[in-house]
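Notes follow once the structure below has been shown.
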Amino acid sequence: MAGRGFVPKDPDARARRNSDPIAMRVLARGVAKQPDRPTIAIEKDGKLAKFVWPAIMLEWWRMWPESPLSADFTSTDWSELRDTALLHARY
């Protein structure tokens with residue numbers, strides 16, 4: 001049955017026109033090489049001791065430069081992976 005529902009709003013009267021109010025910015029990427037694993041000291045029996053990285057984490061860390069994904073990694077990506085490595089190793 002024709003004529004059911006509201007009459008469509010005039011397109012010129014619409015508040016939202018689905019256009020971007022801010023122009024898109026394209027940023028140059030700053031690809032970074034994999035940093036060395038950090039030397040970490042942990043507290044053990046009230047004294048600082050050198051942290052020993054687990055073998056499985058060392059294998060995981062060596063895997064990353066060979067991965068095609070890492071070709072586009074920035075320093076922020078490597079920083080996140082270092083944090084993840086430490087959490088994984090401490091867990």
Side-chain angles (χ1 to χ4, degrees):
M1 174 181 214
R4 295 187 76 167
F6 296 104
V7 175
K9 196 172 195 176
D10 180 12
D12 293 332
R14 293 179 186 266
R16 181 171 173 89
R17 299 180 197 279
N18 293 335
S19 63
D20 292 329
I22 300 172
M24 181 176 74
R25 279 188 341 177
V26 177
L27 301 175
R29 64 183 178 156
V31 176
K33 289 189 174 189
Q34 182 183 31
D36 294 331
R37 286 183 327 274
T39 302
I40 300 171
I42 59 171
E43 188 175 339
K44 190 173 186 180
D45 299 328
K47 296 182 181 181
L48 288 179
K50 185 178 176 183
F51 180 75
V52 179
W53 292 98
I56 193 154
M57 200 293 305
L58 295 174
E59 182 181 330
W60 178 79
W61 189 255
R62 283 190 297 265
M63 170 205 66
W64 278 110
E66 299 168 6
S67 170
L69 296 173
S70 69
D72 293 325
F73 281 3
T74 64
S75 58
T76 306
D77 297 316
W78 287 116
S79 175
E80 290 293 324
L81 283 174
R82 266 196 324 233
D83 291 347
T84 303
L86 179 60
L87 289 172
H88 181 264
R90 295 293 305 262
Y91 180 71

Pair Trp64-Phe73, side-chain contact (heavy atoms from CB on, under 4.5 Å): steps then yes or no: CA-CA 10 Å; Trp64 278 110; Phe73 281 3; 3.7 Å; yes

Within one Ile-Leu-Val-Met-Phe-Trp-Tyr cluster: Leu69 and Met63, side-chain cutoff 4.5 Å: yes

Residues, nucleotides or ligands: over 12 heavy atoms within 6.0 Å of Leu48 CG: yes

Identified side-chain contact (heavy atoms from CB on, under 4.5 Å) counterpart of Phe51 within the set Arg90, Lys44, Arg37: Arg90

Donor-acceptor contacts under 3.5 Å from residues 78-89 side chains, at least two apart:
residue, atom, partner, partner atom, Å
Trp78, NE1, Ala32, O, 3.0
Thr84, OG1, Glu80, O, 2.8

Residue pairs fulfilling salt bridge (charged side-chain N to carboxylate O under 4.0 Å, His left out) with at least one residue in residues 48-77, sequence neighbours excluded: Arg29-Asp72

